[in-house]
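Okay, structure first, notes after.
Predicted, not measured: the structure shown is a model, and the values here were computed from it. What you see below is based on every heavy atom in this structure, not just the backbone, and it leaves out hydrogens, waters and symmetry mates.
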Amino acid sequence: MKNFLNIYLLILGLLVVACQTEKHEVLTEENSVSFTEGSEFYNLVERSAMHDGSQDDELDQSPCFSISFPYKVILEGVEIRIASLADLMVVLSRTGNGGLESIELVFPVAVTTSSYEKISVSSWEELRELQESCVAEIAANAAPITCAAIEFPVKMLVYNTNTQETTSANLANKQQLYVFLQNKAPHEVLSFEYPVTVSFEGSSEMEVNNSMELRNALRTCNN
């Protein structure tokens with residue numbers, strides 16, 4: 001009976017250790033690359049999740065925001081409604097030797113910022129202020145990463161240091177990831193469920209299998 005009790009206690013002890021190991025899985029996976037606010041990796045992921053305003057850079061000359069459709073421009077005295085990126089490309093192709101200076105943007109326009117906020121811009125002066133702010137963000141490595149993108153959907157693992165429990169969240173797009181990061185609590189430690197696919201300009205892709213590989217992929221394409 002004594003031997004049976006010893007075996008039972010040994011098995012129980014192993015189960016406790018196994019459970020603790022599983023609960024700390026997220027933390028140990030992140031030992032080499034910290035996914036906490038203020039860390040390089042966190043900032044890279046956050047910037048990759050920002051709104052990509054680079055698609056209309058030929059018009060607004062800034063990757064930190066985009067002009068929201070629809071809006072109007074005047075080209076050669078004709079007012080044209082821009083309802084899509086395709087419409088913009090057609091107008092840009094017609095600028096000829098005049099270039100961007102031949103396009104007059106009709107104000108006010110709505111602008112989507114890197115944090116997905118919609119704001120109204122009433123003049124070229126206000127637009128230039130946003131452009132200047134973007135230049136400062138780029139210099140400070142705080143602007144959106146536009147040459148690399150995490151492919152969705154992804155699953156995020158969330159380790160609660162208070163309860164020592166791990167939960168998960170399924171994220172369908174960049175905006176959901178950005179909002180998720182903004183709402184992260186101080187007692188939560190995050191990790192992606194790998195593998196994760198990263199796409200680059202030129203349609204190339206790579207699969208990353210841990211946080212270090214993801215950090216390096218985003219670090220390589222840091223603008």
Side-chain angles (χ1 to χ4, degrees), residues 22 25-60 62-69 83-89 111-118 134 137-138 140-160 166-185 188-223:
E22 184 178 357
E25 186 177 12
V26 175
L27 286 180
T28 56
E29 196 277 331
E30 296 297 341
N31 279 341
S32 58
V33 179
S34 174
F35 199 179
T36 55
E37 290 178 82
S39 70
E40 180 195 19
F41 181 51
Y42 186 96
N43 291 336
L44 287 170
V45 172
E46 182 179 45
R47 290 172 57 203
S48 75
M50 290 178 175
H51 172 67
D52 182 355
S54 65
Q55 291 186 331
D56 62 353
D57 278 3
E58 290 188 75
L59 181 62
D60 64 27
S62 175
C64 300
F65 61 87
S66 63
I67 302 174
S68 304
F69 301 116
S84 66
L85 187 59
D87 289 347
L88 177 59
M89 294 300 104
V111 164
T112 303
T113 68
S114 59
S115 61
Y116 298 92
E117 180 184 5
K118 297 281 179 119
C134 185
E137 289 175 21
I138 292 172
N141 289 326
I145 293 176
T146 61
C147 52
I150 296 171
E151 293 295 305
F152 292 86
V154 297
K155 178 180 284 189
M156 186 71 71
L157 305 177
V158 185
Y159 176 73
N160 187 316
T166 300
T167 57
S168 64
N170 294 311
L171 305 174
N173 53 53
K174 289 175 60 170
Q175 185 171 0
Q176 287 187 9
L177 174 57
Y178 184 81
V179 172
F180 184 84
L181 293 177
Q182 306 316 301
N183 293 325
K184 173 189 171 297
E188 293 176 337
V189 179
L190 307 180
S191 173
F192 286 99
E193 182 176 81
Y194 293 97
V196 169
T197 300
V198 180
S199 60
F200 300 92
E201 286 181 326
S203 302
S204 63
E205 293 184 349
M206 70 177 295
E207 185 177 271
V208 297
N209 296 293
N210 54 57
S211 297
M212 184 174 293
E213 291 181 5
L214 179 55
R215 181 199 63 183
N216 292 342
L218 296 177
R219 180 194 279 172
T220 301
C221 186
N222 194 11
N223 55 60

Under the side chain to side chain donor-acceptor pair (under 3.5 Å) test, residues paired with [X] that sit two or more places apart:
{"X": "Q182", "answer": "E46"}
{"X": "E40", "answer": "R219"}
{"X": "T197", "answer": "none"}
{"X": "S66", "answer": "H51"}

Do [X] and [Y] touch side chain to side chain, with heavy atoms closer than 4.5 Å?
{"X": "V179", "Y": "Y116", "result": "no"}
{"X": "L88", "Y": "D56", "result": "yes"}
{"X": "E213", "Y": "V198", "result": "no"}
{"X": "T220", "Y": "F200", "result": "no"}
{"X": "N160", "Y": "T167", "result": "no"}

Which pair of non-hydrogen atoms, one from [X] and one from [Y], has the smallest distance, and what is that distance?
{"X": "S48", "Y": "I150", "result": "OG-CD1, 3.6 Å"}
{"X": "L171", "Y": "F152", "result": "O-CD2, 3.6 Å"}
{"X": "E151", "Y": "S199", "result": "OE2-OG, 2.6 Å"}
{"X": "Y194", "Y": "S211", "result": "OH-OG, 2.9 Å"}
{"X": "R47", "Y": "A143", "result": "NE-O, 2.6 Å"}
{"X": "F65", "Y": "T113", "result": "CB-CA, 4.1 Å"}

Original post:
Which is it for L214 and F35 under the side-chain contact (heavy atoms from CB on, under 4.5 Å) test, yes or no, and what are the steps along the way?
Top reply: CA-CA 11 Å; L214 179 55; F35 199 179; over 6 Å; no
Subject >> Rounded distance [0.5 Å steps], CG in N141 versus CG in N43 >> reply: 9.5 Å
Original post:
Could you go step by step and tell me if S168 and E193 meet the side-chain contact (heavy atoms from CB on, under 4.5 Å) rule?
Top reply: CA-CA 9 Å; S168 64; E193 182 176 81; over 6 Å; no
Using side chain to side chain contact (heavy atoms under 4.5 Å, CB included) as the criterion, list what pairs up with [X], not counting sequence neighbours.
{"X": "Q55", "result": "L85"}
{"X": "S54", "result": "D52, D57, P63, T146"}
{"X": "T36", "result": "S34, S39"}
{"X": "N170", "result": "K155"}

Subject >> Those residues that, when tested against F69, pass ring-ring contact (aromatic ring centres under 6.0 Å, His included) (two or more places apart) >> reply: Y71
**OP:** State which residues pass salt bridge (charged side-chain N to carboxylate O under 4.0 Å, His left out) with E37; sequence neighbours excluded, sorted by chain then number.
**Re:** K184
**OP:** I would like to know whether F192 and V45 meet side-chain contact (heavy atoms from CB on, under 4.5 Å); could you show each step before the answer?
**Re:** CA-CA 11 Å; F192 286 99; V45 172; 3.8 Å; yes
Original post:
Between the side chain of Y42 and the main-chain N/O of L181, is any donor-acceptor distance below 3.5 Å?
Top reply: yes
Subject >> CA sep, side-chain torsions, deciding dist, call: C134, I138, side-chain contact (heavy atoms from CB on, under 4.5 Å) >> reply: CA-CA 6 Å; C134 185; I138 292 172; 4.0 Å; yes
Original post:
Just wondering, are more than 12 heavy atoms of other shown residues or ligands nearer than 6.0 Å to CD in Q176?
Top reply: yes
